[in-house]
Amino acid sequence: TSDGWIPSFEKILREHGNDDLDIYFAGGSNVVPRMFSDLMIDQLFAMLAFLFVSLFMWIQLGSVFLTICGMLQIIGSFILTLATWKLLGNNSFTFMHALVVYIILGIGADNTFVFADAWKQSRILPVAVGSLARRLQVSISRAANAMIVTSATTCAAFLFTAMTDLPVIATFGSFSAVVVGWNLLLVLTWFPAAVLVHERYFVQLFGGCCAARLCGCCCRVCVHQWGLERRPATEKVQAVGTLGMIQAVPVDESATSSQRCLGKREDKQDPDAKVQDQGKKEDLRIIERFFRNILFRFLEVRVVQVFVVIGFAALAITGVAMASSQVKLTTKSNTENFLKSGNYLQDTINIWLGTSDAFQSNDWDIKQYGSFCFGIDTADPIDRSGTDPLAQGEVLNMGKPNFNGEDLNNEAAQTAIVEACDRMGQLPSVAKHEESGEPETFCFMKDFKRYKEARSETFPVPSSTLVAELEAWRNDINCEGQGCYKNREETGVTQGRRDPSYYDDRTGYIAENGEMKFIFVSANLTLGYWEQHLDIITPEYTEWRDAADEVSKSLPITVMGLTNRLDWIAIMNALVKGVKTGVPASLGIAFIVLLLATANWRIASAATLSIMGVMASFFISFTASNWTLGMYECQFVQLTVGLAVDYVVHLAHAYNESTALTREDKMRDSLTKMGVSVFSGAVSTLGASMFLFICQFNVFYLYGSFIFFVILWSLVWALLFFPVLMMNVGPEGTSGDIKILRSLYDRIF
């Protein structure tokens, strides 16, 4: 709290600190509250991202009512996914799954804009004039085709991540795909119904000025957004009877509804005025005119096209070169920081852990260690059947060990374990005691042997009494001399350390009914406790694995060697594998989906080439930001293809749907119809992600950065490179069509 002891203590430190002295304090009693405080502030920024999307949607839609319905659609898709997730038998919900909210904010807003724009554009189509039912049918048909193609491509890219070896990434991809699916369903059912209610009971029933106020927007914006200025001056349109039947009711003959609201008078419009051509200025909104008349004309200039092609090709080549040479895999040498560098709490934790650049590393008595394991099945050490890899809680079911059934009780095995301990101590990676220079090994069998020999007793002991004698050794608190497990003088092998479990964590056994099932021995390692660089810790593990194999060949016992950094190595190898295989495979899947959706290999190829350019350009931002592929980065990179496809696919689909004859006219139609949706979707996603830049938790900051740069490059490639490419190599007529797919496509759509 504001008057609690932590703020009071911080005030004292500020009073006594100066420019030359920074004072940090940390302890279990203040780290968790302060971290929780930072988390709550970050959650506030997340709410601001939600608010930004709502505000931008309101500006674009021109209606508070539709904005509320659009945001409910986004929230509803997430809630329905949670219910579906539970029904499918998934009992876990991790922190990663919560991050899907930011993905669906962008995708959901994009889909909303696609349908809203299709509805607005349909008001000038002759086929839709005079009937709400027909207008709704035309709008859904146009919007559904675009949204199904983009959602299918995005879902396919997300679903591919489900094939990764890491459950948290696999389920994140699956969860994201389900959210996108639900959002598609809602935007094709819930939102059209909301638009119809808005049209019948806000726009038509109440008239222009009143409708504008009910919409909750500037009157001038509302009347233009929903076409109120096109009403005849002598009519107030009221929806009565069945759906789409419009009845004219006489009203003030001196002005249109928009003129009355704006306080202007003009000459009466001709009630029989024809619907103007779509390409004319008065039929298009400002943003549509920009894409049709300004951007398109700029891109159709030959000199501009040459510069675009050369520039974007250079951009892609640079990105690929950086991705292959400068983007190093897991070059982070220390553990991942929870918070941003420079955060007071993170700097305090780094000093506490000995990883701060301002101080030398602490002389920790806890070190990483390697182990030799006996009695375990080296090919399949753990039976994980019936376990939940994402389970959380104090008691986790991690599986059962698979024992190999070897006799570890016999005298030969006892001697072999002692010899294996001696060989373990000779490994180069084993730390040496500072005073004695002896290897820091932990081998209960060797200590048990010393215990026996100090009492002139026989070692090895009979196999039938081994477990009983080991238990007696562990309970002998009156032990004196060498090899004592523990004693009253505190000189036992388990004593004299800050952590009483230090010894037992590094060596021990599992016995059942007097029979040894499993034995493990260990040694401390020389590498720093927080070292995580794969190029450094992988050779360390390899050394232990190979040494165990050599011991297995020369002794009558099977040994498995590992280090306790093996879990990190396995996780990072799986993540790196996901990056190396997942990104190319996701691009391949995107191409297949586009091929099926457009039935044209030239459109699919051009769109996929643009998406590849997005990914290549993203790695320029990746390198410029001095990022490295650590744990968070590897997870997010695998999801970038799913985010990169939307805008290019929107334009590709609109090109494919255009009835124009030339490739230039097709591309102009595509920019006119989908440019505003692409722009609106990108702005909403970019704005939402920017709020994550301010967050203190690294996972939020990196996640927001990845989304921002992927969407930014997607927008640039979609609006510049892809139109130029299609104006030069895009198909005309039946060029590039796959006849079988085209026939099927025409039947469906």
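Atom set for the values below is all heavy atoms of this structure, side chains included, hydrogens, waters and symmetry mates excluded.
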- Message: Quick check on the 6.0 Å ring-centre criterion: do Phe722 and Tyr655 meet it?
- Response: no

- Can you name the residues that form a salt bridge (Lys or Arg N to Asp or Glu O under 4.0 Å) with Asp110, not counting sequence neighbours? none

- Item | Arg602 (side chain) donor-acceptor with Val729 (main chain) under 3.5 angstrom | yes

- 4.5 Å side-chain heavy-atom contact, Ile148 and Leu184: yes

- Message: Check Asp669 with Lys666, please: is the shortest side-chain N to carboxylate O separation under 4.0 Å?
- Response: no

- Would you list the pairs meeting salt bridge (charged side-chain N to carboxylate O under 4.0 Å, His left out) in which at least one residue belongs to residues 636-653, sequence neighbours left out? none

- Query: Parallel, tilted or perpendicular for Phe618 and Trp627, by the 30°/60° rule?
  - Reply: tilted

- Query: Sub-3.5 Å donor-acceptor pair from the side chain of Ser684 to the main-chain atoms of Val53, do we have one?
  - Reply: no

- Can you run down the salt bridge (charged side-chain N to carboxylate O under 4.0 Å, His left out) pairs that involve residues 705-721, sequence neighbours left out, and say none if there aren't any? none

- Test item: Ser658 side-chain N/O and Ala654 main-chain N/O as donor-acceptor pair under 3.5 Å: no

- Note on the structure: Sorted by chain and residue number, the side-chain hydrogen bond (donor to acceptor under 3.5 Å, both in side chains) partners of Thr318 (sequence neighbours excluded) come out as none

- Message: If the threshold is 4.0 Å, N to carboxylate O, is there a salt bridge linking Lys673 and Glu657?
- Response: no

- So CZ of Arg302 and CG of Asn728: to nearest 0.5 Å the spacing works out to 5.0 Å

- Query: If we ignore angles and hydrogens, is there a donor and acceptor under 3.5 Å between the side chains of Thr598 and Asn656?
  - Reply: no

- Message: Could you work out, with ring-ring contact (aromatic ring centres under 6.0 Å, His included) as the rule, every residue matching Phe636, not counting sequence neighbours?
- Response: Tyr703, Phe706

- Message: Trp713: which residues meet the ring-ring contact (aromatic ring centres under 6.0 Å, His included) condition with it, sequence neighbours left out?
- Response: none

- Measure from the side-chain N and O atoms of Ser77 to the backbone N and O of Asn183, and report whether any donor-acceptor pair falls under 3.5 Å. no

- Item | Straight-line distance of Glu664 CD to Arg668 CZ, nearest 0.5 Å | 9.0 Å

- Is a donor on one side and an acceptor on the other found under 3.5 Å between the side chain of Arg663 and the backbone of Gly730? yes

